[in-house]
Amino acid sequence: MTARFLQMSGIVADLLYEVDQVPVAGKEAIVSSFKIAPGGGFNAMVAAKRAGLRVCYGGSIGSGPFANLVREGLSAEEIPFLRTQDMYRDQGCCTVLIDQNGERTFIASDGAEGHVTPEALAQINFVDFEWTLLSGYALHYRNSRGALTDWLHKTPSISGLVFDPAPIVASLAPNDLQVVLSRAEWVSANLHEAAILTAHSDPVTAAKALAKDRPGGAIVRNGAAGCVVATAEICVEIPAFPVQVIDTNGAGDTHVGSFIANFSQTGDPELAARFANTAAAISTTIKGPATAPTAEQTNRVLSQ
């Protein structure tokens, strides 16, 4: 039976601007293209679904034009939404500047996805899922962190909890961070986030520190250098798959979702990390936030 994946991290509307270069303070950027698309927690869900998992969204959806965009995106990917709609606020948004090297700079403001209550969480039957993904953003928003940390404290079993610290990890309350790290089977962080969590700037050392005493392990993503996967038994550096990068937006999320999907299918963390590296690399060759390849596309590239 195909494993089920629950996304607890919120979806936002990405406002995507392609620019020649990110402007310095007080200056203006030249924009070559613009689009709006679902982003945030949407990207990892799309990656996991296209890599073979059954995926559900357990975050919030509001009411308004951004929320409508999110609902359309979920419908297009055939991802069900498990909770009642928030009728009081629209979805949040993230303004993303993508420069000529494909690197992104962004600012974000939360909306409905940043509002979670115990009553809303009670609508989800968590035992139905083999994997659950939670990001640092969900624990950062002031109107969601209380309910989510309480859920982490009190829920007896959260299967396959994966924690993605997100770029705002340094802003998380230490107690909230301790709670989620104590429950997470896996941590998937980029090198900057891993260094904040472990005080180690070396990816191998950081991965080992994050994996210590964890029932699953840790992934430290390191961009063009690939990633490090560590468990109690192994610690392996996996090189990146070389591509001509066009757009890095959503690449980290693609890595997270692809790793979970492949590891669920193979039980091999090294193989899953190699699959995730390749899927994330492929995603950077296409413009847009949710550009994860299918499992067939990724495996075809891996077999070459």
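Everything numeric here is computed off the predicted structure, so don't read it as measured data. Below, all heavy atoms of this structure are taken into account, side chains as well, without hydrogens, waters or symmetry copies.
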Name all pairs fulfilling the salt bridge (charged side-chain N to carboxylate O under 4.0 Å, His left out) condition that reach into residues 234-246, sequence neighbours left out, sorted by first residue then second.
none
Any pair counted as salt bridge (charged side-chain N to carboxylate O under 4.0 Å, His left out), so long as it reaches residues 84-104, sequence neighbours left out
Asp86-Arg89
Looking only at atom types and distance, does a side-chain atom of Ser75 sit under 3.5 Å from a main-chain N or O of Glu72, one as donor and one as acceptor?
no
Roughly how far, to the nearest 0.5 Å, is CD1 of Ile79 from CD1 of Ile11?
7.0 Å
Using the side chain to side chain donor-acceptor pair (under 3.5 Å) rule, collect all pairs that involve residues 149-173, keeping only residues at least two apart or in two chains.
Asp150-Lys154, Trp151-Thr155
Just checking Gln123: does its CD atom have more than 12 heavy atoms from other residues, nucleotides or ligands closer to it than 6.0 angstrom?
yes
Per the salt bridge (charged side-chain N to carboxylate O under 4.0 Å, His left out) rule, what does the pair list look like for residues 271-281, sequence neighbours excluded?
Glu270-Arg274
Quick check against the 3.5 Å criterion: does Glu113 have a side-chain atom that pairs as donor or acceptor with the backbone of Gly111?
yes
For atom CD of Gln178, decide whether the heavy atoms of other residues, nucleotides or ligands shown that lie under 6.0 angstrom number more than 12.
no
Side-chain (Thr298) to main-chain (Thr294) donor-acceptor, under 3.5 angstrom
yes
Quick one: side chain to side chain donor-acceptor pair (under 3.5 Å) pairs with a partner in residues 192-220, sequence neighbours left out?
Asn190-Glu193, Asp202-Thr205
Taking Ala225's backbone N and O only, do any of them form a donor-acceptor pair with Asn222's side chain (distance below 3.5 Å, no angle check)?
no
So which residues get pulled into Val301's cluster when ILVMFWY side chains under 4.5 Å apart are joined, directly or through others?
Phe241, Val243, Val245, Ile282
Pairs in or reaching into residues 38-48: which pass side chain to side chain donor-acceptor pair (under 3.5 Å), with residues at least two apart or in two chains?
Asn43-Asp253
Could I get the full list of side-chain hydrogen bond (donor to acceptor under 3.5 Å, both in side chains) partners for Ser32, not counting sequence neighbours?
none
Which distance, rounded to the nearest 0.5 Å, do you find between the CD of Gln7 and the CZ of Phe81?
12.5 Å
Test: salt bridge (charged side-chain N to carboxylate O under 4.0 Å, His left out). Region: residues 11-32. Which pairs qualify, not counting sequence neighbours?
Glu18-Lys287
With sequence neighbours left out, which residue pairs that include part of residues 155-187 fulfil the ring pair (Phe, Tyr, Trp, His ring centres under 6.0 Å) condition?
Trp186-Phe259, Trp186-Phe263
Could you work out the complete set of other residues in the hydrophobic cluster of Leu69, with links drawn between I, L, V, M, F, W and Y side chains under 4.5 Å apart?
Leu15, Tyr17, Val19, Val22, Val31, Phe34, Ile36, Phe66, Leu97
Under 3.5 Å: donor-acceptor pair, side chain of Thr254, backbone of Ala280
no
For residues 57-70, pull every pair meeting side chain to side chain donor-acceptor pair (under 3.5 Å), keeping only residues two or more places apart or in separate chains.
Ser60-Arg83
